[in-house]
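Remarks on the structure that follows.
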Amino acid sequence: MQKFNSSKHPHRRYNPLLDEWVLVSPQRTKRPWQGQEEEQNIAQCPEYDKDCYLCPGNTRSNGNKNPDYEACYVFENDFPSLLKEELEVTADTTSNLMQSKPERGINKVVCFSPKHNLTIPEMELSEIEAIVKTWKQQYLELGAYEFINYVQIFENKGAVMGCSNPHPHGQIWSQSSIPSKAEKTQDNLNAYYQKTGKSLLEVYLDEELLHQERIIAENEHFVALVPFWAIWPYETMLISKRHFASLADLQPKEEKAFAHMLKVITVKYDNLFKTSFPYSSGIHQAPTDGLPHPEWHFHMHFYPPLLRSATVKKFMVGYEMLGEAQRDISAEQAAKILRELPTTHYKSSN
Ligand SMILES: O=C1CCN([C@@H]2O[C@H](COP(=O)(O)O)[C@@H](O)[C@H]2O)C(=O)N1
């Protein structure tokens with residue numbers, strides 16, 4: 001019988017944050033591709049677009065006017081997925097199998113820069129630090145509402161991610177409940193913490209730093225890596241070295257280090273296929289329910305769709321919808337490729 005080799009043979013990996021498995025098939029990376037190719041959106045954007053709803057001084061689609069902002073600009077989403085108003089709940093008529101409940105929340109749009117054509121990897125560190133400070137301020141402000149118990153900060157970047165506008169921006173959806181993925185993460189972090197008195201991600205990070213094979217970059221306060229259980233080909237995580245629960249605890253030096261690591265990972269991403277690299281990214285951190293959350297360990301996920309070029313993306317369909325997530329290229333191979341990419345943006349002159 002042949003000896004199992006994880007870089008050659010199919011195997012499943014366990015994700016302790018979501019209590020799920022992923023199928024890894026490293027032997028499939030050579031299969032030919034005659035499927036869909038996403039045409040590359042290489043149209044060069046101007047620094048200001050008079051028709052852009054997010055550009056400074058422009059009027060948004062519902063008539064609200066943006067100020068001539070010079071750094072980050074935050075406004076309440078004109079088409080929110082959640083509403084602030086409290087609703088009177090009538091008697092519950094559904095069965096146990098059909099449960100539903102009203103959900104309140106506040107949606108914000110965060111414009112990262114007044115420049116329509118700037119992206120995070122092309123920003124100065126000071127501009128990225130301004131985004132981090134804005135995220136922290138929004139987390140504190142939204143978390144202070146008594147009916148807001150969870151704040152999801154995220155960015156959909158690139159048309160292929162359904163992003164409706166190339167202007168650099170992200171969103172914040174804050175709400176009364178803890179949404180499913182954050183709740184599953186919290187349950188698993190808490191189970192580990194109750195059992196060991198330790199932070200699952202702190203112990204995990206120590207092991208990864210020992211192995212080094214999935215590490216992409218590190219600075220004094222943060223590590224960028226491809227998680228052992230990664231699903232998307234170039235999925236990564238930014239994990240704080242210190243065990244703290246949320247942006248509320250981020251110290252000034254950590255703010256700078258977080259901004260630096262955001263720059264490093266997004267520059268490497270753009271350098272991978274020499275294109276503006278699409279992704280959905282988001283921060284997972286403690287709820288704002290006023291309870292102590294010693295189990296939470298601040299971290300950020302990057303879920304990029306591209307598979308092997310600027311125009312070939314991974315699809316989570318078929319077996320992944322019915323069985324479980326599956327990937328070809330291994331986490332170790334993806335980490336090595338990202339680790340070896342330069343931290344100078346391919347478009348920069350210097
Ligand atoms: O005039 C506008 C246009 C877009 N928006 C909001 O901006 C958000 C754009 O974010 P995405 O491109 O990631 O979908 C989207 O949620 C949309 O509702 C406004 O609030 N006002």
Side-chain angles (χ1 to χ4, degrees), residues 38-69 71-85 103-123 127-128 130-132 134-135 137-139 141-142 145 148 150-177 179 181-182 232 235-236 262 265-266 269-270 275-284 300-306 313 316:
E38 319 277 338
E39 76 285 341
Q40 249 213 349
N41 174 11
I42 44 178
Q44 298 307 323
C45 296
E47 192 170 289
Y48 169 75
D49 179 341
K50 64 177 176 45
D51 301 320
C52 166
Y53 291 125
L54 305 181
C55 273
N58 287 3
T59 301
R60 298 203 300 275
S61 51
N62 70 347
N64 291 335
K65 190 173 181 335
N66 298 331
D68 272 329
Y69 62 95
C72 294
Y73 168 56
V74 182
F75 62 89
E76 281 200 27
N77 202 308
D78 301 312
F79 311 93
S81 60
L82 293 155
L83 299 175
K84 283 183 196 167
E85 67 183 305
E103 183 69 4
R104 298 172 70 189
I106 304 169
N107 298 91
K108 297 282 189 86
V109 179
V110 184
C111 298
F112 294 153
S113 165
K115 292 180 183 165
H116 185 74
N117 59 357
L118 197 56
T119 59
I120 288 181
E122 297 166 286
M123 286 181 185
E127 294 172 302
I128 304 175
I131 299 171
V132 173
T134 302
W135 283 338
Q137 180 258 331
Q138 287 297 315
Y139 175 80
E141 187 181 302
L142 290 164
Y145 284 88
I148 297 293
Y150 186 77
V151 179
Q152 186 55 61
I153 293 166
F154 66 96
E155 177 189 5
N156 296 320
K157 182 192 169 216
V160 80
M161 295 313 286
C163 177
S164 65
N165 182 326
H167 192 106
H169 70 280
Q171 295 193 55
I172 302 177
W173 291 16
S174 62
Q175 62 190 99
S176 300
S177 305
K181 290 221 182 316
W232 294 94
E235 174 179 339
T236 59
L262 281 167
I265 193 65
T266 55
Y269 270 151
D270 275 12
T275 187
S276 184
F277 197 73
Y279 57 73
S280 274
S281 66
I283 292 173
H284 269 169
M300 182 170 192
H301 294 283
F302 281 82
Y303 297 126
L306 294 187
K313 72 182 279 288
M316 291 282 222

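Ligands are counted one by one from 1 in listed order, and the atoms in each one are counted from 1 as well.
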Does any pair with a residue in residues 161-175 pass salt bridge (Lys or Arg N to Asp or Glu O under 4.0 Å), and if so which ones, sequence neighbours excluded?
none

Would you check if there is a donor-acceptor pair between the side chains of S174 and Q152 at a distance under 3.5 Å?
no

Test side-chain contact (heavy atoms from CB on, under 4.5 Å) on M300 and L262 and set out the steps.
CA-CA 10 Å; M300 182 170 192; L262 281 167; 3.6 Å; yes

First-shell residues of ligand 1 [heavy atom, distance under 4.0 Å]
Y53, R60, S61, F75, N77, D78, F79, V109, N156, C163, S164, N165, H169, Q171

What residues, two or more places apart in sequence or in another chain, satisfy ring-ring contact (aromatic ring centres under 6.0 Å, His included) together with Y269?
F277, F302

Salt-bridged, D78 to K108, with N to O below 4.0 Å?
no

List for me each residue that meets side chain to side chain donor-acceptor pair (under 3.5 Å) alongside D51, sequence neighbours excluded, and say none if there are none.
none

